[in-house]
Asker: 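Submitted below is the structure of interest, expressed as structure tokens.
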Protein chains: 2
Amino acid sequence: MVDNDKTGRLGFGATMAEVAALAGVTKMTVSRVLRHPEKVTPATRARVTEAMATTGYVPNRLAGSLTAGATGLVAAIVPTLRHSLFADTLEGLADVLSEAGLDLIVSSSAYRTDVEESQIRSLLERRPEALVLTGLTHTPGARDLLRGFGLPVVETWETGDEPIDMVVGYSNRKAAHAMTRQLLLAGYENIVFVNGPSENNERARHRAEGYLSAMREAGKEPPPIHVVHDEGAILPETGANALRAVRKKLPETDALFFTSDVFAVGAVLACREAGIAVPDAIGIAGFHDLEIGRVVSPTLTTVHVPALEMGRRAGEMILARLSGRRHGAREELGFSILQRASTRPPTK
Amino acid sequence: MVDNDKTGRLGFGATMAEVAALAGVTKMTVSRVLRHPEKVTPATRARVTEAMATTGYVPNRLAGSLTAGATGLVAAIVPTLRHSLFADTLEGLADVLSEAGLDLIVSSSAYRTDVEESQIRSLLERRPEALVLTGLTHTPGARDLLRGFGLPVVETWETGDEPIDMVVGYSNRKAAHAMTRQLLLAGYENIVFVNGPSENNERARHRAEGYLSAMREAGKEPPPIHVVHDEGAILPETGANALRAVRKKLPETDALFFTSDVFAVGAVLACREAGIAVPDAIGIAGFHDLEIGRVVSPTLTTVHVPALEMGRRAGEMILARLSGRRHGAREELGFSILQRASTRPPTK
DNA sequence: CATCGCTATGATACCGATAACACGGAGGAA
DNA sequence: TTCCTCCGTGTTATCGGTATCATAGCGATG
């Protein structure tokens, strides 16, 4: 016979036909042993099972999915895996999905929506059963593509008015508002907000809005927002630099509210080096509740965000949708303000 | 005509046949427009492209892979995503793979080899072109399965004698040895090694061996290794508890070498609370070079491991193998000892 | 003992794409 | 002008499974 392996055979192991031949049955019976074992006589079932074992047969799910109409795949796109927050969300998601036998395919977009769009396009070719995105900011092309395709989409890490499909997030606006208010209640007067670039990022924009509204409600004219342009890596040094820049430009500043604990921790360390008293001479608050904030001294006041939980809820929403159960399409999870040592406590 | 959509059609969007019909050509021509555009007249190509646009066609890669013999998928299994180390490795891997157009499918095994085996089995059904594993410890079933299947496998985070296929790692033994030696050179006398459970974990075992051999080379009888059994979450508290337990049982201890920065940082904080002078009364060293170690005070002496780099190299080895290029199958990357403030410097 | 009905297995078609080969028409050489 | 190429497109078979329907063999029934 002709050598079978010269063809670019996908598999390495045996095919279902080979197993069938060895067991002296047809493919169909082998298929039944896998999908509906009760429909096959124990005797044949045993022969087939043995044939599968001796050939080391592993079913080819590509072929199966092609007819069955379900791939058992869910795709997720995060800005980066190197940020524990997004990794947490993925872990929560993977956790829930794996119990339902769904596999997760992951891409990282490097915070770029154009990259995200091309990844979406490429991922759709694999016919995932759902897609999880980070944030609400996407290219128009991506939105159109997804709306047209009609597959379940969950956007995470934010809440907003026009989701593509489902959303699970928390309000960055409310969270920034709450933290700003907390600082005001602690008696800080000149609170500067240090944000990342917001052109492309709904989260950053919303946090800025929350800060501004809290300031105005307190009857304060907010000082200009300081924006750090972190190219790629998010580093504590960036926070230290921001601290210096702000204190030079606005010497009366008595509190800084950073959009990330990473920056805030950098600022705390810089203060210690420079001999600036935290929280008395200056208060420092962060965002995200990272481990570094618990470890730095003084410990960092911050906003805890439900990273893992968002992943879990996203997974549950997907499962609900896939099984046709009723379920909410927008879920707003809570955050919490963690008052620690880097700011004075509110004097209520 | 009969409604087409009642069938469990995988896709949502159009199929290639529909695009073909709209453009007035056959599927084959549409396929050519995608794979070998130069073989199609500009005129037809334009018609087909337009038809793809108006139908919102997204090719079905399952079908394509089935004939083409390549899925463009790589699978990776990590113990958990919540540990920045493994997330870093994945990011490096994804980075390299995505440039080659390969997608990454990720599972987390919760540090359990039995879970890993079943995940391998399930992932193989998707016919990935390569598999990346964490560590060298796997069930015999998993090893057999993979050897038999003959697909490229890269094991990471360790080096050892009998890899399934390829390995890219560093020597946990040498790293622990080097750190122990560093502590000895700094004049610490009674160095206790605090390890995680090693029954199931080659990394833990190798680190213990490195520690023991360094102690013996220095002519010391090593005190018993303290083992923490972290159920699930790896927390600083565990390190604090270990510190207390060790000091109670072995009061003469003057240095602790932890198998993870997380534990070490917990111990540093506990010392500060208890008023124990670090690094003079007691030296504390960690492993992994996490961010928390840079932020804690005193800053943590630790072993830097090439997490991201392992991912990148694993990706490169896979690409080399897939393209048939010659390439090494075992790669040992370097680590480095970061001498910081939580231990006295070596008095070399 | 003939008929009915059920059950275990087989035969056929199809999922959505691609490789390999077939074929018809335009253009060049003789 | 006629024959030969070559090029663009269509036809057919196939990848590895699964749904659907057909059928053979068996026991139960009257």
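Letters go in sequence order (proteins before strands), and every chain restarts at 1.
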Asker: Any side-chain N or O of A:Arg35 below 4.0 angstrom from OP1/OP2 of D:dT18?
Answerer: yes

Asker: Going by side chain to side chain donor-acceptor pair (under 3.5 Å), B:Thr139 matches just one of B:Arg112, B:Glu116, B:Glu117. Which one?
Answerer: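 Exactly one option meets the side chain to side chain donor-acceptor pair (under 3.5 Å) with B:Thr139, and it is B:Glu117.
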
Asker: Could you work out which one of D:dT18, C:dG16, C:dA17 sits closest to the side chain of A:Ser31?
Answerer: D:dT18

Asker: Measuring only between side-chain heavy atoms, which start at C-beta, is B:Gln119 closer than 4.5 Å to A:Asp103?
Answerer: no

Asker: Can you see if the side chain of A:Tyr57 gets near the phosphate of D:dG16 - specifically, an N or O under 4.0 Å from OP1 or OP2?
Answerer: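 Answer is no, no contact under 4.0 Å.
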
Asker: It should be established whether B:Thr29 places a side-chain nitrogen or oxygen under 4.0 Å from OP1 or OP2 of nucleotide D:dG10.
Answerer: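 It does, given that an N or O in the side chain of B:Thr29 lies less than 4.0 Å from OP1 or OP2 of D:dG10.
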
Asker: What I want to check is whether an N or O donor and acceptor connect the side chain of B:Arg32 with the base of D:dG10 at under 3.5 Å.
Answerer: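 Answer yes: a donor N or O sits under 3.5 Å from an acceptor.
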
Asker: Can you figure out which of D:dT18, D:dG16, D:dT14 approaches the side chain of A:Thr15 most closely?
Answerer: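 The closest nucleotide is D:dG16.
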
Asker: Is there side-chain contact between A:Arg147 and A:Ile164, with heavy atoms separated by less than 4.5 Å?
Answerer: yes

Asker: Strictly below 4.0 Å: does B:Thr67 bring a side-chain N or O up to OP1 or OP2 of C:dG16?
Answerer: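 No, no such contact exists.
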
Asker: A:Arg47 CZ to C:dA8 C1': how many Å, rounded?
Answerer: 12 Å

Asker: In whole Å, what is the span from the CG atom of B:Asn60 to the C1' atom of C:dC15?
Answerer: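 After rounding, the gap between these two atoms is 9 Å.
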
Asker: Between the main-chain N or O of A:Ala17 and the side-chain N or O of A:Thr15, is there a donor-acceptor pair closer than 3.5 Å?
Answerer: yes

Asker: Between A:Leu73 and A:Arg127, is any pair of side-chain heavy atoms under 4.5 Å apart?
Answerer: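 Counting from C-beta outward, A:Leu73 and A:Arg127 never come under 4.5 Å.
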
Asker: Please report the distance, rounded to the nearest Å, between CZ in A:Arg45 and P in C:dT9.
Answerer: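 Rounded to the whole Å, the gap is 10 Å.
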
Asker: Rounded to the Å, how far apart are B:Arg126 CZ and D:dG17 C1'?
Answerer: 15 Å

Asker: Please state how far atom CE in B:Met28 lies from atom P in C:dA19, giving the value in whole angstrom units.
Answerer: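 So the two atoms are 7 Å apart, to the nearest Å.
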
Asker: Once you round it to whole Å, what is the distance between C1' of D:dG10 and NE2 of B:His36?
Answerer: 16 Å

Asker: If only side-chain N and O atoms count, and only distance matters, is there a donor-acceptor pair under 3.5 Å linking B:Ser323 with B:Arg325?
Answerer: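 Checked: B:Arg325/B:Ser323 side chains pair up, N/O donor to acceptor below 3.5 Å.
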
Asker: Any side-chain N or O of A:Thr41 less than 4.0 Å from the OP1 or OP2 oxygen of C:dT9?
Answerer: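 For C:dT9, OP1/OP2 do have a side-chain N/O of A:Thr41 under 4.0 Å.
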
Asker: Any donor-acceptor pair under 3.5 Å linking the side-chain atoms of B:His138 with those of B:Glu155?
Answerer: yes

Asker: Rounded to whole Å, please give me the gap between CD in B:Glu125 and P in D:dG16.
Answerer: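 To the nearest whole Å, that distance equals 15 Å.
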
Asker: Please give, in whole Å, the distance from C:dC6 C1' to A:Lys39 NZ?
Answerer: 13 Å

Asker: Have a look at the helix from C:dC1-D:dG30 to C:dA30-D:dT1 and give the angle its two end axes make, five pairs each, rounded to 10 degrees.
Answerer: 50°

Asker: Taking the nucleotide of DNA chain D with the nearest heavy atom to each, does B:Ala63 or B:Val40 sit closer to the 5' end?
Answerer: B:Val40

Asker: Under 4.0 Å, heavy atoms only, any strand: does B:Val25 hit a base, just the sugar-phosphate, or nothing?
Answerer: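 B:Val25: backbone/sugar contact only, no base atoms under 4.0 Å.
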
Asker: Using only modelled atom types and a 3.5 angstrom limit, is any donor from either the side chain of A:Lys27 or the base of D:dG17 paired with an acceptor on the other?
Answerer: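 Side chain to base: pair present.
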
Asker: Run through B:Thr55, B:Val30, B:Val48 and flag the one making a side-chain contact (heavy atoms from CB on, under 4.5 Å) with B:Leu22.
Answerer: B:Thr55

Asker: Distance check: side-chain N/O of B:Ser65 vs OP1/OP2 of C:dA17, anything under 4.0 Å?
Answerer: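 So the side-chain polar atoms of B:Ser65 never come under 4.0 Å of the phosphate oxygens OP1 or OP2 of C:dA17.
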
